[in-house]
Structures are given as C-alpha cells and as structure tokens.
Amino acid sequence: MPSKRVKLLPSMYVVNSWKANLRIYMRIIGLLRPHWLPSVGSVVCLLLSTGLSLLVPWLLAWVIDVGIKHGRLGDLLLAAGAILGASALRGGFAYGQGYLSQAVSCLVAYDLRDRVYDHLQTLSFSFHDESETGQLMSRMTVDIEAIRVFIPNGLLRAIVAIATFGTVTIILFELDWRLALITLICVPVLLFLTYQVASRLRPLWLEVQNGAGELGTVMQESLSGVRVVKSFAREDFEIKKFDEKNHQLRELNLGAMRLSAWNQPLMVLVLNVVTVLVVWIGGIIVINHNLSLGTLVAVTQYALILATPVRTFGFMVTWFMRGLSGGTRIFDILDTSPNITDAPDAIALKNIEGHVQLDHVSFAYGKGHEVLHDITIEAKPGQIIALLGATGSGKSTILHLLPRFYDVTKGQILIDGKDVREVTQASLRRSIGLVLQDVFLFNATLRENIAYGVANATEEQIMAAAKIARVDDFVKILPDGYDTWVGERGVTLSGGQKQRVAIARTLLLNPQILVLDDSTSSVDMETEYLIQQALDAVMQGRTTFVVASRLRTIKNADQILVLDHGRIVERGTHESLLRLGGHYAHLYDLQLREQEEFEMRTLSSENDQKWEVVR
Ligand SMILES: Nc1ncnc2c1ncn2[C@@H]1O[C@H](COP(=O)(O)OP(=O)(O)OP(=O)(O)O)[C@@H](O)[C@H]1O
C-alpha cells in the first residue's frame, strides 16, 4: 500500500532558529495560563524547598565554627533541630511541588488534546487529503506527552537550576570570593556542553517523533486494511514493512539516548573536578589560616548542591528538546487554518426549494491541474441529474463541490440563487444529503448509526427512515434488532446492508438536495433491487445529483450529463441521447444494454408465469 507523503507540515523537517524555538517555548508556557494558580503554587513550593536545602550548609558551617569550636553543646542541638526542621519542611514543599507540577502538566495535556482534536474537526478536506492518519494520531499522543513531561521535567527543573545557581553564586561570593570563582569555572563549561548536546539532540528527537508517526501510519494502514492484506496473502510484506520502520525508530531512539546518556556523566565529571579543586585550594587557604573550616565545608556542600540540578541537566536538555519537537509538530497543526471557512456575513440556508446551479465552474485540487472545466448545470427543484462518464472524468468531484468540501477555482455554485460561499457550512450541509459509494459506519448500534446526523431524532422518525430505506427487512432477523453493534466501519454488515443504513441515515436528515454516488455496485441482483427501491423512495420530491450506473436511475433522470476529461460533452434525456448516437450511446452499448436486456427477460418471464396462472 503506498503511503502518502506528508506535505502538510514542511517545517517539521526544518531545525528552527533560536528565536523560533524560543517562541515555541513561550507558547508552551502560555498553555499554563488557564492553570496559573497551581502553576504559581508549584513554583513557590519549588523555590521554598530549594531555599531550605540551601540553609543546611550554612547551618553546618555555623555548627563547626561556633558550636564545635567553642564546645557549645546547646548550639549543636539547636543546629541539629534546625537541620531536621528544614529537611522536614523541604520534604513537604517538594511533595507540593511534585504534585502540583504533575497535575498542571496533566491539565495542559488534556487541554491540548481537546484543542488539537477540535481543530482537526474544523480542517478542510484538502488538509485531510494530504495528512496521514498515523502521523496525526502520533501527534495526539506522543507529541502531547512530550509537551506534558517537558513541564515538570524540563521547565520546572530549569527554574530549580537557575534559582539554585543564582542563589549559590551569591552565597559563595559572600563566603569566599576565591572559592566562588573556582566553583563557577564550571558554568561556561557546562553551558558549552549543554549547547553542543542540545543542538545535536533537537534534530534527533524531531526524527524520533516523525519516525513514531510513520510507524503509526504503517500500523494504522495495515490494521484498517487487514482484509486486503489477508486476501492478497501479504502478511509477510506488512510484517517486513513494520519491522523496517520499527527498526529505524529503535536506532533513532538509541542514538538520541546515547547522546543524552553521554551528557550526564560529562557534566558530573566537570562538577567533581571543581569539587576537588575547591577542597584542594580551599584546604591550602584554611591551613594558611585565611579561611575557617566551617566555611570550607559550607563551600564544598554548596558545590555538591550545584551537582543536583547538574546531574539532571542531561535529562533536562532531553526534555527541552523533546518538548520543542513536540511543540513544533502540535503548533503546526493548530496554526493550519481551514481553507474553507464561513464568510463573516454568512447566512443560514433555510427552507430551500432545491434550485441548484453550477455556473461556469472550473476546479483544481490544491495546486494540481484543473480537473473540471467550465461546467454549467441547472437543476430545477425536484429534478434528477444523472452524471455519467469514464472513470476519472470528474463525476465525484462535482458532487464534492456541492456541499463545499472544496471551493471552486472559477465560476460559482448557487442554491436557490445564493452562492454556497455566502451561506454557513453547517446549514449548507444540513440541506444536502450525501450517500457515497464508500459507506462509512461508526462502531455503534444500527439505531445510533441511522440517527447520526440528527441528534434529537425520535424513535418513530428513525423507524420510518429505516422502513423506507429497506433497513427494516434485514434488521427483523437480527437477534438484537436495531441495538445490533455494527463493528468498526460496519464490518458485520454486508455491502448492500451498509448502503441501506447509509440511505436511512441521509433520509432522516430530510435534505432538500440529495447527492448520491452510486457509480459502482458490488451487490447481487436482489440487493440491487432493494437498494434501488430505497433510492427511488429517497429521491422523491428532492433535487438529486447522482453518479449513476443503474439503468433505471438513468432513465428516471430529467437530465443526463456525460462527462469526459472534466467537461460536459453531452446532455439530454435517455431517448434524446440514444438518438444522438454519441458518447452516451457508446456507454449504453458498453455498460447499460445488458441491464436493459436482463430487465426485458425478467419482465417477459414474469408475464409468461402470469399467463400460465391465467390458463
Ligand atoms: N483528493 C484528490 N486530490 C487530488 N486529485 C484528485 C482527488 N480526488 C480526485 N482527484 C483527481 O480528479 C480527477 C477526477 O476524479 P473523480 O474522482 O471526480 O472522477 P470520477 O469521474 O468520479 O471517477 P470514478 O468513476 O472512478 O469515481 C481524477 O484525475 C483524480 O485523479
């Protein structure tokens, strides 16, 4: 199965400038705004617990220089009590910070999932034509998770690191400027290392996240196309395809992990070297009586405290980079605006008669070449317009333009004299009922599927629609009746049954305009007959556009339009077009004559039987 290239998000593969990266971080931080209270609470807890941990070395210095030096036992006890108290308080604040930061991150992920999903629902057909389901699912899960974890593990740890570094620097200069300078040697080295690792990790994580999306696409395609896979006995091919992508993802992940793993010991090494230098040079200063022992102990303690955020620096960088790639991919979706939107002064279509005009319409998909050229059609209320033509001639495209799935490139489409671009999409789509060849049913009960388009449909309305669409015929023999679960995409129903459910679903909408893609039929003659009856009932009194392959529908049509390479080449009724002896007559000979002969034979055998009975 070919997989579509992701054209939708070109920036995915681009490593952004630092300004663009900063903007993404600022947008992620902006996501905290609705939850500002727990966010502020978590930062306050964090600063308090950091502050308390910085108190301990100072207390130690005091114990050594005052308590031990002067042999004051009371001071020792006081300091011990203070250290214990500070530690207990610190534990309390650390708990508060941990809980609040995790809670905030979950709330942000929840909001984001909602926002992305809602936004995906608003995006136009052209977006969904170009995007891959697996990639979108991966963004909804992997990328949002990356942003979620970035908040406690990246953002908050960075605040701890900055707060600790800032405070420890001030304290160190207060204690001894020489040792402070030695300790802070590590800062530029650590910054350099961080920059080096981050600039390599960022593209790696972007690749990992894209790889996860590609794997999702392969999995989604082969699972939803499992029947095709099995019918072509291509399981091995699918397994190999999945294995390759999985292997690629494993390698990318391992590469990113290796880089992250290197980062951390390197940083700890730098810090250990600094501690050794502090003890060595500080020791010499103490021996020369230029510094108290307590101060040296405090300085070494502070150097160790610096090690805590540094030890997590490696992880922090990783989470910063993952958050950045996740943010890039999520904001890419959120920044894609639907190219079909309601005009600011759009009006709602109400009580329409069903007068449809296509006025010199031309159309091209995206930036592709034109597939419809100068199409003009007028359907008076209640008329049936049948579209015929070779495959790829543009029949379905015309049907998709009516409910404004795409906008025309030239010309206009009018409904009761109103341009479809000047009315609200919701009212337009409520006025047009669609039954497409590729029926999609939801994993719900039959009743819920029929009622899908009308939220407040009554049981009577549902049953009436089901009866007209001949759904009732097969539901009667199902043990659970209308409560039967139809399975994913309606897999438990036959093709003809699914089609009748789709017809009932549209009928319930009671649209004034009908759009039917009835182009190919994979059902037996009896089902075909039932579907035909259902369709006849649905078409009654409604303006209908139908891509037809059934002779009866075509003969019933008020106008038959024959398309060729995106142009209308013939128009008329069945008889007039047959007399013309052009494209239609040719199509009739190729596809429809057989149906006519079959009908004639059936009719004459029915008549013979009747005569038998009479005799
Ligand atoms: N989503 C799309 N993006 C780009 N091109 C498309 C898209 N859908 C259809 N096309 C192209 O537009 C042209 C008309 O296709 P359309 O589906 O309207 O033909 P059709 O007459 O309905 O064919 P069929 O009888 O096989 O359904 C074809 O060349 C097709 O490749």
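Every number for a ligand or one of its atoms is a count from 1 in the order of the listing. Below, all heavy atoms of this structure are taken into account, side chains as well, without hydrogens, waters or symmetry copies.
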Region of Asp129 engaging ligand 1 - heavy atom pairs below 4.0 Å = side chain
task = From atom 7 (C) of ligand 1, work out which of Phe363, Tyr406, Tyr365, Phe405 has a heavy atom at the shortest distance.
result = Tyr365
inquiry  = Quick one about Ser325 and Thr328 (side-chain donor to acceptor, distance below 3.5 Å, no hydrogens or angles considered), yes or no?
reply    = no
key: Close approach of Gly389 to ligand 1, heavy atoms, under 4.0 angstrom   = no
query = Which atoms of ligand 1 are found less than 4.0 Å from any heavy atom of Thr397?
reply = 14 (C), 15 (O), 16 (P), 18 (O)
ask   = So, for Asp419 and Gln412, which heavy atoms are closest and what is the spacing to 0.1 Å?
value = OD2-OE1, 3.3 Å
ask   = Does Gly392 come within less than 4.0 angstrom of ligand 1, counting non-hydrogen atoms of the residue?
value = yes
ask   = If only atom types and distance count, is the side chain of Ser124 paired as donor or acceptor with the main-chain N or O of Asn339 below 3.5 Å?
value = yes
key: Check: Glu238 main-chain N/O paired with Ser222 side-chain donor or acceptor under 3.5 Å   = no
query = Does ligand 1 have a heavy atom under 4.0 Å from the side chain of Thr391, from its backbone, from both, or from neither?
reply = both
request  = Give the intermediate values and the outcome of side chain to side chain donor-acceptor pair (under 3.5 Å) for residues Asp564 and Ser393.
outcome  = CA-CA 5 Å; Asp564 186 35; Ser393 57; over 6 Å; no
Test: Arg27 cationic atom under 6.0 Å from Phe331 six-membered ring centre, within 45° of axis = yes
request  = Provide the number and element of each atom of ligand 1 under 4.0 Å from a heavy atom of Ala390.
outcome  = 21 (O)
